[in-house]
Amino acid sequence: MWANQSSHSGLILESPIIIVDLGLGNLGSVGSLLDRLNVPWVSSEQPVVGTIYILPGVGAFDHGIARLRSTGWADFLISEAPTKAIIGLCLGMQLLCEGSEEGAESGLHLLPGRFRRFAGGKTAERILKVPHMGWNVVSATAHCPSWLEHSIQNSRYYFVHSFYYEGPDEVAKLGETIYGFGFTSIVGRGKIYGLQFHPEKSHKFGVELMRALLKEIGK
Amino acid sequence: MIRPRVIPVLLLEDQRLVKTKNFSNQRYLGDPINALKIFTEKEADEVIILDIACSFQGRRPDISFLRDLASEAMMPLTYGGGISNIDLAGEIFSSGFEKVSVQTAASLSPRFLKELVSMYGSQAIVGSVDVRADDAGNFRHWIHSVSDYSPLPLGDYLAFLLDAGVGEVFCTDVDREGTRTGLNLELVHNLSLTCPVPFVAHGGVGSLGDISAGLEAGADSVGIGSFSLFHGPHEALLLSYPSAKELALLSKPFVMKPDEPKVGGD
């Protein structure tokens with residue numbers, strides 16, 4: 001477990017943000033984003049009580065679920081979810097939902113919806129490459145709250161994923177991105193959010209979105 | 001709408017930032033940490049960092065140096081050079097890189113490449129290929145460490161990378177690398193249109209027009225070296241990156257109609 005010690009912050013939080021360390025990919029960049037926001041954080045391989053959890057991650061769905069279970073984080077997050085805030089990034093978003101075509105395992109079911117693979121495809125000039133990799137924009141859906149709509153305007157975010165969100169609950173779909181067709185790139189219900197892209201790798205756009213999101217869920 | 005990426009490619013020799021012509025005639029430029037800081041300030045889409053001597057010298061990448069390097073970046077980073085085992089790749093990911101690029105080890109061991117993909121996912125593994133034209137004008141896979149063409153046809157090598165599951169292909173045209181004479185559009189066109197994963201064309205960019213031409217020829221992204229490092233005919237060192245406005249002009253809308261038949265994928 002490692003942590004930073006920020007004394008001053010534009011955001012006032014009750015306790016450090018907990019970064020769930022599944023050993024999947026690059027936690028350091030989530031930590032540096034939070035450093036830029038000047039908020040205290042702790043990353044931990046074992047469950048630690050907090051008020052806001054960030055679940056980052058890259059890689060395969062089943063491997064991610066297996067890590068969540070073996071570390072005890074799966075049951076812990078499920079028990080914390082009714083009263084606490086959880087933000088899933090990229091694979092983390094997928095793990096918070098119900099499941100994915102990529103794997104056989106069940107997700108945490110903390111958000112509605114499942115993930116399907118981009119089929120690929122082509123027009124006369126171009127192939128729809130998979131993964132969807134690069135900078136793309138997010139537009140507000142009908143149910144996007146105004147603070148979020150404001151934050152995602154004139155912004156762009158870094159995406160890299162082969163599976164996209166599909167869900168039954170229109171109210172939970174907050175942001176949409178077009179890659180060949182439109183898919184939900186921000187999902188949220190209560191204080192649980194999933195972002196399909198990588199705010200920690202999206203320059204000031206990602207920093208500002210996380211500032212807005214933490215401010216909202218820290219209320 | 002996805003915007004094509006324009007990616008500075010920084011070459012290292014150990015902890016020194018260098019630039020080459022045709023991957024030789026090496027010139028020392030300065031401190032790579034400072035360079036990466038500047039590209040972060042300029043909001044570069046992504047940066048590829050290649051240690052061009054690691055594999056050649058049998059040297060292990062310095063993880064603490066790579067961690068210092070990555071701590072400057074607020075954009076995705078790819079590292080290539082000397083990645084010869086699974087654990088080393090894991091250390092590079094945890095030091096702050098999103099992707100690793102492999103060439104030498106992939107050529108030597110197909111099984112290693114497949115293991116990398118299954119462990120870290122396609123999205124994290126870049127298949128790198130250096131290309132030169134032979135005397136007959138045919139594009140061939142060039143093996144830098146032995147200064148010779150691979151006996152395997154270029155198409156077969158690409159098929160091998162894709163079959164192993166790489167999530168991106170990074171292609172350097174060694175004949176044009178460092179020359180600022182424009183991308184070889186025939187090469188870009190031939191390779192990118194058959195490539196189902198993102199294709200990064202690198203080698204020869206000297207202007208914004210060269211980037212546009214590469215994208216029109218089919219590249220998904222373009223790697224830039226000298227164009228982002230040097231200024232003027234005497235190649236004065238001056239780091240630059242296209243402005244947001246210039247990059248926006250490179251965008252191409254790409255929307256499929258929902259009823260359009262989909263092909264490819266699985």
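Each chain gets a letter, A, B and so on, in the order the sequences are listed, and its residues count up from 1.
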Beyond-backbone contact of V58(A) with K99(B), side-chain heavy atoms, under 4.5 angstrom = no
* Evaluate the side-chain proximity of E168(B) to P131(A): yes if any heavy-atom separation is below 4.5 Å, no if none is. => no
Is it the side chain or the backbone of [X] that comes within 4.5 Å of chain A heavy atoms, both, or neither?
| X | result |
| --- | --- |
| F199(B) | both |
| P196(B) | backbone |
| E72(B) | backbone |

Original post:
Quick check: are there more than 12 heavy atoms from other residues, nucleotides or ligands sitting under 6.0 Å from NE2 of H109(A)?
Top reply: yes
Chain A shares the most heavy-atom pairs under 4.5 Å, among E43(B), R5(B), R67(B), Q123(B), with E43(B)
If one checks every heavy atom of F205(A) against chain B at 4.5 Å, the contacting part turns out to be side chain
So, the part of S29(A) with a heavy atom under 4.5 Å from chain B: the answer is side chain
Discussion item. Using only atom types and a distance under 3.5 Å, with no angle test, would you say the side chain of H203(A) pairs donor to acceptor with the backbone of A44(B)?
Written reply: yes
Separation of [Y] [atom2] from [X] [atom1] (nearest 0.5 Å):
| X | Y | atom1 | atom2 | value |
| --- | --- | --- | --- | --- |
| K204(A) | M74(B) | NZ | CE | 11.5 Å |
| E98(B) | C90(A) | CD | SG | 10.0 Å |
| M133(A) | I2(B) | CE | CD1 | 9.0 Å |

Pair count under 4.5 Å, heavy atoms only, with chain B: among L33(A), L91(A), V130(A), highest is V130(A)
Answer key: most heavy-atom pairs under 4.5 Å with chain B among S162(A), S139(A), G206(A), G59(A) is G59(A)
